[in-house]
2 protein chains.
Amino acid sequence: MVTIADVAKKAGVSKGTVSSVFSKKRPISVEVTERVLNVAKELNYVPNHAARSLAMKKNMIIGLKMPTLDTELSSFDLKVINGVVKKCTESGYRVLLDRVYENEESAIFSRDPVDGVILLNPKEEDPRIVQYKQLNLPFVLIGRPDQEDTYTKFVDNNNTEIVKEVGEFLIENGHQDILFLNASYGMTVAEDRMEGLKRAYENFGLPFKEENVVYNNQEKYKCASDYGFNSLLDTFHVKKYTAIIADTDRVALGVLRAARELGINIPSDLSLIALSNNETLALETTPKLTSIELFPEKLGEEAAEILINVLNDQLAPRQKIIPAKLVIRDSCRKPSLTR
Amino acid sequence: MVTIADVAKKAGVSKGTVSSVFSKKRPISVEVTERVLNVAKELNYVPNHAARSLAMKKNMIIGLKMPTLDTELSSFDLKVINGVVKKCTESGYRVLLDRVYENEESAIFSRDPVDGVILLNPKEEDPRIVQYKQLNLPFVLIGRPDQEDTYTKFVDNNNTEIVKEVGEFLIENGHQDILFLNASYGMTVAEDRMEGLKRAYENFGLPFKEENVVYNNQEKYKCASDYGFNSLLDTFHVKKYTAIIADTDRVALGVLRAARELGINIPSDLSLIALSNNETLALETTPKLTSIELFPEKLGEEAAEILINVLNDQLAPRQKIIPAKLVIRDSCRKPSLTR
DNA sequence: AGAATTCATAAAACCGGTTTAATAATTGAG
DNA sequence: CTCAATTATTAAACCGGTTTTATGAATTCT
């Protein structure tokens with residue numbers, strides 16, 4: 001491996017001079033600069049990252065902590081990654097992807113070679129958050145922190161508001177028996193969304209029934225589609241819902257599949273709305289899915305931007321809410337037909 | 001920041017001793033070990049990654065070079081990532097995710113803090129390969145290298161064989177006018193697959209028509225589905241194909257959409273096979289897609305395993321071929337109906 | 001018992017950069 | 001023309017670990 005000392009020697013200057021030529025942090029005469037650059041090129045010199053990190057106390061890497069290895073990454077996660085990588089690349093940062101097993105002893109053999117961290121899928125009282133606070137490592141959440149935590153910076157969708165909007169949309173169109181296929185129990189996002197639906201009912205002075213909210217069980221259903229499929233199959237003979245809100249498009253696909261099997265027509269017999277994490281999929285189904293567009297890429301970008309600002313001692317907001325968007329397509333009974 | 005010197009001082013021992021306590025590379029008495037560990041815990045000491053990397057000349061990080069930032073990551077890519085991360089985590093390595101702009105000056109400001117690299121989506125005469133060879137950095141390809149390159153290690157699907165199998169399957173079922181919606185022109189995978197279809201025709205003594213192979217144009221079609229959709233729409237009035245091989249499930253979804261619009265029945269009027277990159281999707285369509293399962297996660301795992309073996313000076317095969325699998329579902333005319 | 005060996009630990013050198021303090025060369029002001 | 005101020009460069013210190021070499025104490029061998 002060719003080092004800065006090799007370059008310095010061959011160019012007849014000191015290490016410090018070579019360093020300055022590359023970093024441009026102090027003026028070096030044109031002739032010396034040129035000589036050094038030529039030698040460096042000739043020797044195929046590339047600075048050693050570890051040495052530089054050590055000296056500068058900066059890694060120029062940010063960590064992206066994904067959900068556990070047990071569950072598969074969703075296309076929502078994928079787009080978040082996309083956004084993070086994009087923003088980081090622009091700012092000269094690299095991304096270290098990490099996935100942790102759920103019940104892993106958070107055995108830290110060495111501090112991650114990162115300057116800051118972006119955390120996905122926070123749980124209530126997430127132990128990782130405690131850890132990073134203790135380590136004094138800057139971090140940003142995607143999702144929201146615990147209610148009483150007023151310190152942690154985060155980026156999130158307006159989950160409560162958007163589900164409230166969905167609920168009101170359905171209620172306005174004559175639905176009252178709405179089945180909500182929610183995310184897994186205990187996730188902050190599931191709580192927030194449930195709260196949104198509740199508010200929609202309250203806003204119309206209607207009673208909200210908690211038993212109409214179901215939570216995903218990742219152990220029971222190996223893929224999201226089955227969650228939708230089985231949920232409709234199981235409840236169909238017990239109670240007739242007129243509308244279903246599905247946690248993801250995949251779940252909605254499962255509902256569609258079950259509906260076909262049961263001879264239920266969507267949208268005339270049953271309305272369906274997906275909290276989309278994969279917008280393009282909603283266009284491929286028959287009928288096309290009315291859905292909520294979530295902008296996961298934007299989530300990733302904003303989280304990265306906040307973190308990078310923090311790392312550079314620049315001002316950054318404590319939170320950023322990305323508004324979701326209700327896109328009406330063909331899987332809900334049209335208002336015009338109901339009046 | 002707490003350093004190893006702080007721990008050493010407080011515990012009344014030397015830096016080297018503390019180092020040995022953690023690395024266990026030389027024997028330390030029980031009492032000293034205990035004292036050091038207690039102090040370390042008390043001070044909240046975590047070793048500095050950069051310093052360790054510098055001293056050991058090992059980063060314990062491998063780089064994953066993704067396709068350009070311009071195009072979106074596919075779920076195929078996602079699963080590859082999954083596989084790589086999984087295997088690396090098991091072996092104590094971390095993954096640095098990198099995406100490069102297509103026409104970027106490969107400006108290397110500093111050597112990546114990685115011990116080796118996994119390269120995705122190689123092109124013919126890929127400049128990145130030249131670069132890594134020159135840098136003398138171990139790397140493994142996912143996809144195949146140029147034909148004359150007998151040095152580069154790689155992991156790949158049996159693209160030629162599997163498309164040959166698909167072609168023969170269709171021909172046996174009475175199809176001769178087969179439209180192949182291939183990947184982008186210039187990718188090794190597109191070449192290999194085309195070759196496979198050609199061999200299928202040759203094997204049956206039938207003439208193979210190159211004009212029946214179409215290549216994706218990422219600039220023209222913003223999403224893969226449109227590639228399938230427009231291709232069927234455009235060719236339908238010109239030439240009647242009896243079967244279509246689609247590059248991905250998304251492309252197949254587009255074909256299905258176009259077929260519905262044109263009133264073409266699948267499979268009775270037109271057979272459809274997808275080279276799947278997202279197996280679960282094939283089950284959600286009506287009819288369920290006959291498809292090729294590709295095991296991208298396995299691809300990632302194997303690539304990581306080879307690379308890690310190389311990094312540890314262990315034997316590793318130069319290539320590993322992951323056989324794909326033809327899964328027959330409902331989107332092809334059944335043999336029984338054709339005879 | 002005295003020399004040889006083993007063992008636990010300390011001290012110092014090293015990894016490859018950056019940065020600070022010191023020095024030599026150049027310019028400017030009086 | 002001299003002395004101070006500025007500029008370009010070097011030498012040395014430093015970042016926080018690991019590893020090699022040295023050292024003193026304990027153990028084993030004749």
Side-chain angles (χ1 to χ4, degrees), chain A residues 1-37 39-40 43-61 92 108-115 135-137, chain B residues 1-37 39-40 43-61 92 108-115 135-137:
Chain A
M1 169 181 280
V2 31
T3 73
I4 202 171
D6 300 328
V7 177
K9 191 174 172 190
K10 180 141 189 185
V13 296
S14 73
K15 281 166 53 177
T17 303
V18 177
S19 177
S20 303
V21 166
F22 280 96
S23 68
K24 298 192 176 114
K25 285 193 183 165
R26 50 184 64 260
I28 300 290
S29 67
V30 192
E31 46 176 347
V32 173
T33 299
E34 209 159 296
R35 185 149 40 102
V36 168
L37 288 179
V39 172
L43 295 183
N44 245 316
Y45 167 71
V46 261
N48 177 301
H49 186 96
R52 175 176 273 179
S53 294
L54 178 58
M56 303 209 301
K57 300 188 174 201
K58 259 194 169 200
N59 296 99
M60 297 306 287
I61 298 180
I108 306 183
F109 292 117
S110 96
R111 185 200 264 269
D112 282 356
V114 300
D115 302 324
L135 279 174
N136 211 19
L137 195 65
Chain B
M1 170 180 279
V2 182
T3 74
I4 201 170
D6 300 327
V7 176
K9 192 173 169 190
K10 181 142 190 185
V13 297
S14 75
K15 282 167 52 177
T17 301
V18 176
S19 178
S20 302
V21 165
F22 280 97
S23 67
K24 298 191 176 121
K25 285 194 182 165
R26 49 182 65 259
I28 300 290
S29 68
V30 192
E31 48 176 345
V32 172
T33 299
E34 209 161 293
R35 185 148 43 102
V36 168
L37 288 179
V39 172
L43 295 182
N44 243 316
Y45 166 71
V46 262
N48 178 302
H49 185 96
R52 176 177 272 180
S53 294
L54 179 57
M56 304 210 300
K57 300 188 175 201
K58 259 195 167 197
N59 296 98
M60 297 308 285
I61 298 180
I108 306 183
F109 292 118
S110 95
R111 183 199 267 266
D112 283 355
V114 299
D115 301 324
L135 279 174
N136 211 20
L137 195 65

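All figures in this text were calculated on a predicted structure; none of them were measured in a lab. So that the names make sense, note that chain A is the first sequence line, chain B the second, and so on, each numbered from 1.
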Check nucleotides 12-15 of chain D against the protein and report each pair of N or O atoms closer than 3.5 Å, with its distance, or say if there are none.
none

Using whole Å, report how far [atom1] of [X] lies from [atom2] of [N].
X: B:F22; N: D:dG16; atom1: CZ; atom2: P; result: 16 Å
X: A:K9; N: C:dG17; atom1: NZ; atom2: C1'; result: 18 Å
X: A:K58; N: D:dG16; atom1: NZ; atom2: C1'; result: 19 Å
X: B:R35; N: C:dA8; atom1: CZ; atom2: P; result: 15 Å
X: A:H49; N: C:dT18; atom1: NE2; atom2: P; result: 12 Å

* Could you walk me through whether B:V114 and B:L137 pass side-chain contact (heavy atoms from CB on, under 4.5 Å), step by step? => CA-CA 9 Å; B:V114 299; B:L137 195 65; 4.1 Å; yes

Straight-line distance of [X] [atom1] to [Y] [atom2], nearest 0.5 Å:
X: B:M56; Y: B:H49; atom1: CE; atom2: NE2; answer: 8.5 Å
X: B:D112; Y: B:I61; atom1: CG; atom2: CD1; answer: 9.5 Å
X: B:T3; Y: B:K9; atom1: OG1; atom2: NZ; answer: 10.0 Å
X: B:M1; Y: A:N136; atom1: CE; atom2: CG; answer: 9.5 Å

* side chain to side chain donor-acceptor pair (under 3.5 Å) contacts touching residues 25-34 of chain B (sequence neighbours left out) -> none

* **Phosphate OP1/OP2 of D:dT10: any A:T17 side-chain N/O under 4.0 Å** => yes

* May I ask you to verify if any side-chain N or O of B:S19 is less than 4.0 angstrom from the OP1 or OP2 atom of D:dT18? => yes

* To do: Go through the structure and list residues passing side chain to side chain contact (heavy atoms under 4.5 Å, CB included) with A:A55, not counting sequence neighbours.
  => none

* To do: Applying side chain to side chain contact (heavy atoms under 4.5 Å, CB included), name anything that partners B:A51, two or more places apart in sequence or on another chain.
  => A:L54, B:N48

* To do: May I ask you to say what A:V32 touches in the nucleic acid, namely base, sugar-phosphate or nothing, with a heavy-atom cut-off under 4.0 Å?
  => sugar-phosphate

* To do: Would you indicate what B:V13 reaches in the nucleic acid, counting non-hydrogen atoms under 4.0 angstrom: base, sugar-phosphate, or nothing?
  => sugar-phosphate

* Results of salt bridge (charged side-chain N to carboxylate O under 4.0 Å, His left out) for A:K10 - residues two or more places apart only -> A:E42

* Could you pull out the closest heavy-atom pair between A:V36 and A:V13, with the gap in Å? => CG2-CG2, 4.0 Å

* Structure fact -> Tightest non-hydrogen contact, residues A:S19 and A:I4, listed as N-CD1, 3.8 Å

* For the helix from C:dA1-D:dT30 to C:dG30-D:dC1, measure the angle between the helix axis at one end and the axis at the other, each built from five pairs, rounding to 10°. => 50°

Distances for protein N/O vs nucleotides 24-27 of chain D N/O pairs under 3.5 angstrom?
none

* Structure fact -> Residues in residues 24-31 of chain A with a heavy atom under 4.0 Å of DNA chain D, by number, are A:P27, A:I28, A:S29

* Please test A:Y45 against A:D6 for side-chain contact (heavy atoms from CB on, under 4.5 Å), starting from the C-alpha separation and ending with a verdict. => CA-CA 9 Å; A:Y45 167 71; A:D6 300 328; over 6 Å; no

* Hey, is the main chain of B:M60 close enough, under 3.5 Å, to the side chain of B:D115 for a donor-acceptor pair? -> yes

* Residues two or more places apart in sequence or in another chain: which of them pass side chain to side chain donor-acceptor pair (under 3.5 Å) with A:S14? -> A:T17

